[in-house]
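Structure, as structure tokens:
Please read these numbers as outputs of a predicted model, since none were measured by experiment.
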Amino acid sequence: MTRSLSTASLNQRREARYRRKMNLRVKTPDEAVAWINEAGFSFLFPIQNVEMPSLWDAIAGRVKEVTSEHHGYEIERTWGWKDALMDKQRWYYGKLLRVKATIVALDFLPNFYALSENYGDYQHDYLEVYRDGRLSAEAKTIYEALLAHGALDTVRLRKEAHMAAESSKARFERALTELQTDLKILPVGIAEAGAWRYAFVYEVLPRWLPGVPLAAQSIGRADARRAILHRYLQNVIYAAPKAAARVFGWSPADTLKAAESLAADGLIQLDAAINGIAEPQIVAA
């Protein structure tokens, strides 16, 4: 009979990995970058019903509900460090996983890029994706504006993409998200533009981080999923397979294949029984 794993001990491992302990919390931007390099990827803020570490948690050093009130050292450091590091090329930041603000270590980013709709020629590949109906007309227009003019803040970008009208704002924002989630563009700085004197500056990702697509060329899709799932489980410690699949937008079959490959190498445990959890889990070794 297989002995059930202790929920308490697994959660203790998770809390340490998330740095949700006051003696482990990150206290400087350099420590934040080092933690992201260890974790591989995280959200900027915790996302309800999605199990994953966040920079907010690592800074707070404890479980703390995120509110809309922008005060306290946690919110100041989370926003401030994100903005200050955006143009330093020390990590990737953008809307990626679950279309939420995500931070990824630069040496780990090629794994996500290998799963994108980018094939190596960023100046032309998007046209094939567009012809196949997998890129919206608005996203195509925004991408071409960045290709032609280089990095642009959102105010200028809306003008160049002919979406400056208020009626176009929602379509513009959806297209920006679409391009980010497929790693075609990313925010690379902050400009004093617009009514709030605060606007993201966007650039084409392969032009800003040329080493990422080069590194991704040698990574197969199956290997990329295996690396991402392994790092995910090293962070969250345990998860239901379907929950892991939802985080990354993978099919159950692809997720199972990656999990079985990791289990064959002794890196994770499949179908683990955990006290108090009815559904079998995959657990980091």
Side-chain angles (χ1 to χ4, degrees), residues 1-21 24 35-36 38-58 60 62-66 95-105 108-109 111-116 181-183 219-285:
M1 182 176 179
T2 303
R3 182 171 61 89
S4 295
L5 300 173
S6 164
T7 310
S9 64
L10 293 175
N11 285 339
Q12 283 293 316
R13 290 172 59 191
R14 178 184 286 172
E15 296 302 285
R17 188 73 173 181
Y18 285 22
R19 301 295 185 93
R20 286 199 296 218
K21 294 176 181 291
L24 297 178
W35 174 70
I36 289 294
E38 175 188 341
F41 52 91
S42 83
F43 287 128
L44 184 66
F45 292 104
I47 305 300
Q48 189 174 14
N49 299 322
V50 182
E51 190 59 62
M52 227 171 72
S54 75
L55 180 60
W56 166 278
D57 283 327
R62 61 196 185 280
V63 179
K64 188 174 188 294
E65 183 181 358
V66 179
K95 289 185 178 179
L96 182 60
L97 298 177
R98 307 288 294 179
V99 299
K100 301 295 185 181
T102 306
I103 304 171
V104 185
F108 199 80
L109 188 58
N111 291 294
F112 287 104
Y113 199 86
L115 296 177
S116 71
T181 55
D182 198 40
L183 292 174
I219 303 174
R221 297 177 76 85
D223 288 336
R225 288 193 190 92
R226 174 187 157 102
I228 291 168
L229 182 61
H230 186 212
R231 190 66 64 93
Y232 170 74
L233 288 170
Q234 287 178 313
N235 291 332
V236 305
I237 309 302
Y238 66 93
K242 64 182 181 182
R246 282 198 301 270
V247 170
F248 304 111
W250 299 346
S251 70
D254 284 338
T255 306
L256 179 60
K257 184 176 180 180
E260 289 175 341
S261 175
L262 292 169
D265 288 340
L267 297 173
I268 69 169
Q269 181 180 345
L270 291 176
D271 299 325
I274 299 177
N275 287 331
I277 300 178
E279 186 177 359
Q281 305 283 295
I282 45 178
V283 180

Between Asn235 (side chain) and Ala39 (backbone), is there a donor-acceptor pair under 3.5 Å?
yes
Going by heavy atoms in the side chains, are Met52 and Ile47 under 4.5 Å from each other?
no
Please assess Leu233 against Leu267 for the test side-chain contact (heavy atoms from CB on, under 4.5 Å), listing each intermediate value before the final yes or no.
CA-CA 10 Å; Leu233 288 170; Leu267 297 173; over 6 Å; no
For the CD1 atom of Ile268 and the CD atom of Glu260, what is their distance to the nearest 0.5 Å?
9.0 Å
Side-chain heavy-atom pair Ile282, Leu262 within 4.5 angstrom cut-off
no
CG (Leu115) and CD1 (Ile219) are apart, to the nearest 0.5 Å, by 9.0 Å
Residue pair Pro46 / Trp56, side-chain heavy-atom distance below 4.5 Å
yes
side-chain contact (heavy atoms from CB on, under 4.5 Å) between Val104 and Asn111, intermediate numbers included
CA-CA 10 Å; Val104 185; Asn111 291 294; over 6 Å; no
Does any non-hydrogen side-chain atom of Asp254 lie less than 4.5 Å from one of Phe248?
no
Atom OG of Ser42 and atom CD1 of Ile103: how far apart are they, to the nearest 0.5 Å?
4.5 Å
Between Arg14 and Tyr238, is there a side-chain heavy-atom distance shorter than 4.5 Å?
yes
Residues Phe108 and Gly40: closest non-hydrogen pair is CB-O, 4.1 Å
Find the distance between CZ (Arg225) and CH2 (Trp250) and round it off to the nearest 0.5 Å.
6.5 Å
Where the side chain of Thr102 meets the backbone of Leu97, is there a donor-acceptor pair that is under 3.5 Å apart?
yes
Looking only at atom types and distance, does a side-chain atom of Ser261 sit under 3.5 Å from a main-chain N or O of Ala258, one as donor and one as acceptor?
no
Salt-bridge contact Asp265-Arg226 (side-chain N to carboxylate O under 4.0 Å)
yes
Ser6 to Asn275 - nearest heavy-atom pair and separation:
CA-ND2, 4.0 Å
Which label fits Phe41 and Tyr232: parallel for a plane angle under 30°, tilted from 30 to 60°, or perpendicular past 60°?
parallel
Of all the heavy-atom pairs spanning Thr7 and Gly276, show the shortest one and how long it is.
OG1-N, 4.5 Å
Is the backbone N or O of Val99 less than 3.5 Å from a side-chain atom of Thr181, with the two atoms forming a donor-acceptor pair by type?
no
Candidate pair Val50 and Phe43, rule side-chain contact (heavy atoms from CB on, under 4.5 Å), full reasoning:
CA-CA 10 Å; Val50 182; Phe43 287 128; 3.6 Å; yes
Any chance you could measure Ser4, atom OG, to Ile274, atom CD1, to the nearest 0.5 Å?
9.0 Å
For the side chain of Glu51 and the backbone of Asn49, is there at least one donor-acceptor N/O pair under 3.5 Å apart?
no
Arg231 with Glu38: basic N within carboxylate O range, under 4.0 Å
no
I want to check something: taking the side chain as every heavy atom from C-beta on, are Phe45 and Lys100 in contact at a cut-off of under 4.5 Å?
no
Would you say Lys21 has more than 12 foreign heavy atoms packed within less than 6.0 Å of its NZ?
yes
What is the distance from atom CZ of Arg13 to atom CD1 of Ile237, rounded to the nearest 0.5 Å?
4.5 Å
Checking Gln281 side chain against Ala240 main chain: does a donor-acceptor pair fall under 3.5 Å?
yes
Is the shortest side-chain heavy-atom distance between Leu256 and Pro241 below 4.5 Å?
no
Do Arg98 and Arg246 come within less than 4.5 Å of each other through their side chains, counting heavy atoms only?
yes
